[in-house]
Amino acid sequence: MHFMTPLGWMNDPNGLVFHQGEYHLFFQFYPYDVEWGPMHWGHSKSSDGIKWEYLPVALAPSEEYDYSSVEQGHGCFSGSAISVEEQLVLMYTGNVDGRTPRQTQNIAFSKDGRSFSKSSNNPAIPTFPNEATEDFRDPKIWKKDEMYYAIIGTKKDGKGKAAIYSSQDLKDWEYRGIATESNGQQGDMWECPDLFTLDEQDILIISPMFGTKNSSPYYLLGNFNYDTCKFEQKDFFTLDYGKDFYAPQTFTDGKNRRIMIAWMNIWFAEMPEKNDGWAGAMTIARELTIKKNKLYQYPIVELNDYRVDSELVEDLQIDSKSSFNTSLTSASDVLLTIDMEKSKAEAFDIFVKCSKDMKEKTRIHFDLKQMTVLVDRELSGVGNKDNSVAPLSVNDGKLLVRLILDTNALELFINEGEYVVTNRVYPTNSDELFVIKSEDLLVIEQLENYSLKMEG
Ligand code: FRU
């Protein structure tokens, strides 16, 4: 069900945009190997944001600002897209290691949404500001009151920073200053910044680096002032508690929803799919909303159109003498409503993607005393083994759990997206899709399980 690269290597989602009735997803792409290489922009489109169709590569390294004939890092790095009347406009970072400046911001456009031309004015932003260093990349572009803006990630003096530029015509860009920078534990390089307003809240998403290590993206809640171009930080939250989630990007669609897609990996993850000639997948598109002053993320409702077989159980009681095993086996969308008042259990487990003998399994352990959930990949099969822990919350006496289970992926949503945990899992055998176990009484008011299927 998840979007994967057709071959080769894929990392960040780029240029997410809804243009002339179609969803576009571009991505950091190296077609010639399963490892990162000179970056291209792969391209795909969708009519519903779930099922994607591959299109020809949109950008390849070709110019002195994004190509080098010597063997060194170069290419069309991450960026974003905007729909401008008939045109689809991309803004991306051209990178050539060893050149000064190494990273510049560039424009490409398309009239048909299929083939793209790089602007003859490139680089559109040829230098980096004094407050930044040569790490200066990943422009995210938007429009507000007839003005275009771009936010660009950078660093200096051990701090991650987000620079703002504005332009009236997408050609001449004016530097407007650093919107905000890391304070304390927020990283020393900011990649893929994304700034938007949702329900009158200004939100800045950051994919941070600490030294040479990338870490879990987070979001800052605050206020962005368009006159001063300063972002005042008020609060700071983890975006996804899993280990395979990086470089998320958002966009709005024809229904005016704010949708986010992330790379469902992170740098230096093992990615055993390399043995099959590809590496990289994206999360399911998630709709963002604000509730209780926090960002919630939940699969866009179009995912429900891919539900085929279903299993519905009401008032399911589980204890030491009775566990629950599903009868469905393929990719699944599982929703549980747990009645916390009737349940006596202080903990329970959902084992997913298990072998028949239960030797191989991914354990999802719910601790109802500590109110945490642990995704334990120790026995998951091949691939990374590190665990994830996230908070749990109860809504009106109910614990709401949703699991999207795919061949190599597990997206877990607590309380309709208040907390999310995304991990890749690589079982060598997964005859048992999921099993629920509890020592003491666990009362599941409702269990819905749908097989997910995409034709073609
Ligand atoms: C984030 C990132 C970006 C960069 C791209 C290169 O994952 O490092 O900062 O533009 O990947 O592929």
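What's counted below: heavy atoms across the whole structure, side chains too, no hydrogens, waters or symmetry copies. Order of appearance sets the numbers: ligands from 1, and atoms from 1 within every ligand.
Counting the atoms of ligand 1 from 1 in the order shown, those under 4.0 Å from a heavy atom of Asp138 are 3 (C), 4 (C), 9 (O), 10 (O). Taking every heavy atom of Tyr246 and a limit of under 4.0 angstrom, the matching atoms of ligand 1 come to 1 (C), 7 (O). Near Asp12, the atoms of ligand 1 lying under 4.0 angstrom from a non-hydrogen atom of the residue are 1 (C), 2 (C), 3 (C), 5 (C), 7 (O), 11 (O). Atoms of ligand 1 lying under 4.0 Å from at least one heavy atom of Met39, given by number and element, are 12 (O). For ligand 1, the atoms sitting less than 4.0 Å from at least one non-hydrogen atom of Ser78 are 5 (C), 10 (O), numbered in the order shown with element in parentheses. For ligand 1, the atoms closer than 4.0 angstrom to any heavy atom of Phe77 are 4 (C), 6 (C), 10 (O).
Taking Ser430 as the reference, nothing meets the side-chain hydrogen bond (donor to acceptor under 3.5 Å, both in side chains) condition, with sequence neighbours excluded.
Any N or O atom pair closer than 3.5 Å counts here, and Trp267 shares at least one such pair with ligand 1. Annotation: Gln28 places an N or O atom under 3.5 Å from an N or O atom of ligand 1; distance criterion only.
With respect to atom 8 (O) of ligand 1, the closest heavy atom belonging to the protein is Glu191 OE2, 2.9 Å.
Ion pairing between Glu302 and Lys51 fails under the 4.0 Å rule for side-chain N and carboxylate O. Using a cut-off of 4.0 Å between Lys/Arg side-chain N and Asp/Glu carboxylate O, Lys292 and Glu416 are scored as not salt-bridged.
Taking the ring centroids of Phe26 and Tyr92, they lie at or beyond the 6.0 Å cut-off.
Defined by atom type and a distance below 3.5 Å, a donor-acceptor pair is missing between the side-chain atoms of Ser167 and Glu174.
Contacts of Asn11 with ligand 1, taken as heavy-atom pairs under 4.0 Å, involve the side chain alone.
Of the candidates Thr283, Leu303, Leu410, Ile404 forms a side-chain contact (heavy atoms from CB on, under 4.5 Å) with just one, namely Leu303.
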For Phe3 and Tyr54, what are the C-alpha separation, side-chain angles and deciding distance, and is it a ring-ring contact (aromatic ring centres under 6.0 Å, His included)? CA-CA 10 Å; Phe3 179 78; Tyr54 298 119; 5.6 Å; yes
